[in-house]
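Structure record follows, encoded as structure tokens.
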Amino acid sequence: MRPACAEPSYSSAGSRTRCSSSCVSNGGTRTTETIRLAESEPLDLDATLGCGQAFRWRRDGGRWEGVVDGRCIRLSQRGGLLHYSGSDEPFVRHYLALDLDLDRLLAAIDRDPVIEAAIDRSRGLRVLRQPLFECLLSFLCATNTNIPAVQSRVEAIAGVWGEPAVGDENVRAFPSSTALRHATEDDFRACRLGYRAPYARSAVTAICSDPSWEGELSAVPHDEARARLMALPGIGPKAADCILLYALGHLDAFPIDVWIRRILARHYLPDLDTGTLSPSRYEAARSFGRDRFGAHAGYAQVYLFNARDLLCRD
DNA sequence: GATTGACCTCG
DNA sequence: GAGGTCAAT
């Protein structure tokens, strides 16, 4: 059994969502509400939405706009005030994991000067609780590429198959696996997935062929979920670990990307510096991370990644 | 098991 | 070259 991360316990405010939807159709007079963050609820919204864990957030001045679970959401932060529109407080709190005792968590992973520097760099950064299927397809699109390209692919997929988002008809929700059931390889190529198009096609087929696939993935233990993810074409260990961390609530997942590899090589595992990252070397790096940082190693990974310039410069 | 090369697309 | 993965040695 997992702690409740994947399954919503927040879906209570349908009526308010509808209201904000009707408010915005006349050009943006949607209501903005405010969450007053407690001392014990540190949040760095810019780091959280800008660190590359999710691909549908854009910063517009001091304000972030994104689409989550079919809703167009706007967020901005001034100190201890978190302003939001397009959603309701329980959803925002859940998505941003504000219920998590971050100070305690960071104290638990703060085990050496390197991670300490990374924590000092972006205290308040939180791991989002993302919708599973969108996260899965996003990281399938994210191999051997850069963030702007991933964003463009994800936007394109939403543009073709997504329903209009609640709160802004001009924006599209990310489609469900079912909505993509008939998407062809060429369709995905048209969304600039390139050689990933057949992977996306097959992954969607596999997921659709078993209606309980997504639900079971959320219920199954870490290792089992990882194996099921990696059974999908185009999902290797790195993408699987990202999905485990960002969508399935396995906070001990520790994805090894090129930056984490550099950081580990420089500060922890000199042997990791050279050569190709074979599956067994990947596993070694991953278990090092989990051993060193413990049950919340994924948070350590995100903080290290976000301090990559600091930790990798000469 | 480890290593190598190919691969769409974009800034 | 980029926040990898796959198939073939």
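Convention: sequence-line order gives letters A, B, ...; per-chain numbering from 1. The shown structure was predicted, so the numbers you read here are calculated from the model rather than taken from an experiment.
When the P atom is used for both B:dC8 and C:dA8, the distance is 15 Å, rounded to whole Å. Across the P atoms, B:dG5 and C:dG1 are found 15 Å apart, a figure rounded to whole Å.
If you take CD1 on A:Ile256 and CG on A:Asp241, they are separated by 7.5 Å, rounding to the nearest 0.5 Å. Here the OG1-NE2 distance, from A:Thr34 to A:His83, works out to 4.5 Å after rounding to the nearest 0.5 Å.
If you measure from atom CZ of A:Phe139 to atom C1' of C:dA2, you get 15 Å, rounded to the nearest angstrom. Between the CD1 atom of A:Ile235 and the P atom of C:dG4 there is a distance of 13 Å, rounded to whole Å. Per the geometry, CG belonging to A:Asp309 stands 13 Å off P belonging to C:dG3, to the nearest Å. C:dC6 atom P lies 12 Å from atom OH of A:Tyr282, rounded to whole Å. Between A:Leu304 atom CG and C:dG3 atom C1' there is a gap of 14 Å when expressed in whole angstrom units. Per the geometry, CG belonging to A:Leu140 stands 14 Å off P belonging to C:dG4, to the nearest Å.
Side-chain contact annotation: A:Ser177 with A:Glu214, donor-acceptor N/O pair under 3.5 Å present. In this model, no donor atom of one side chain and acceptor atom of the other lie less than 3.5 Å apart for A:Asp186 and A:Thr184.
Residue contacts shown for A:Cys191 are absent, as no nucleic acid heavy atom lies under 4.0 Å away. Within 4.0 Å (heavy atoms only), A:Phe305 reaches at least one base atom of the nucleic acid. Residue contacts shown for A:Ala239 are limited to sugar-phosphate atoms, with no base heavy atom under 4.0 Å away. A:Gly52 comes within contact range of at least one nucleobase, with a heavy-atom separation under 4.0 Å. Heavy atoms of A:Ile147 sit under 4.0 angstrom from at least one base atom. Within the 4.0 angstrom heavy-atom criterion, no nucleotide atom of any strand lies near A:Pro255.
Classification of the A:Phe91-A:Tyr95 ring pair by plane angle, with boundaries at 30° and 60°, yields parallel.
Taking the charged nitrogens against the carboxylate oxygens, A:Glu65 and A:Arg56 have no contact shorter than 4.0 Å, which rules out a salt bridge. Ion pairing of A:Asp273 with A:Arg261 is absent here, as no side-chain N (NZ or NE/NH1/NH2) approaches a carboxylate O to less than 4.0 Å. Taking 4.0 Å as the cut-off between side-chain N and carboxylate O, A:Asp309 and A:Arg121 count as a salt-bridged pair.
Side chain of A:Arg93 to main chain of A:Leu98: no donor-acceptor pair is present (N/O by atom type, distance under 3.5 Å, no hydrogens or angles).
When the nearest nucleotides of DNA chain C are assigned to A:Cys242 and A:Met230 by heavy-atom distance, the more 5′-ward of the two goes with A:Cys242.
Closest approach of A:Asp271 and A:Arg281 over heavy atoms only: O-NH2, 2.9 Å.
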Practice task
Encode nucleotides 1-11 of chain B as B, S and - characters from 5' to 3', where the letter depends on protein heavy atoms closer than 4.0 Å: B to the base, S only to sugar-phosphate, - to neither.
Solution key: -SBB--BBSB-
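A heavy atom closer than 4.0 Å to some atom of DNA chain C occurs in A:Val258, A:Trp259, A:Arg262, these being the qualifying members of residues 258-268 of chain A.
With a cut-off of 3.5 Å on both pairing distances, C:dG3 has no Watson-Crick or G-U wobble partner at all.
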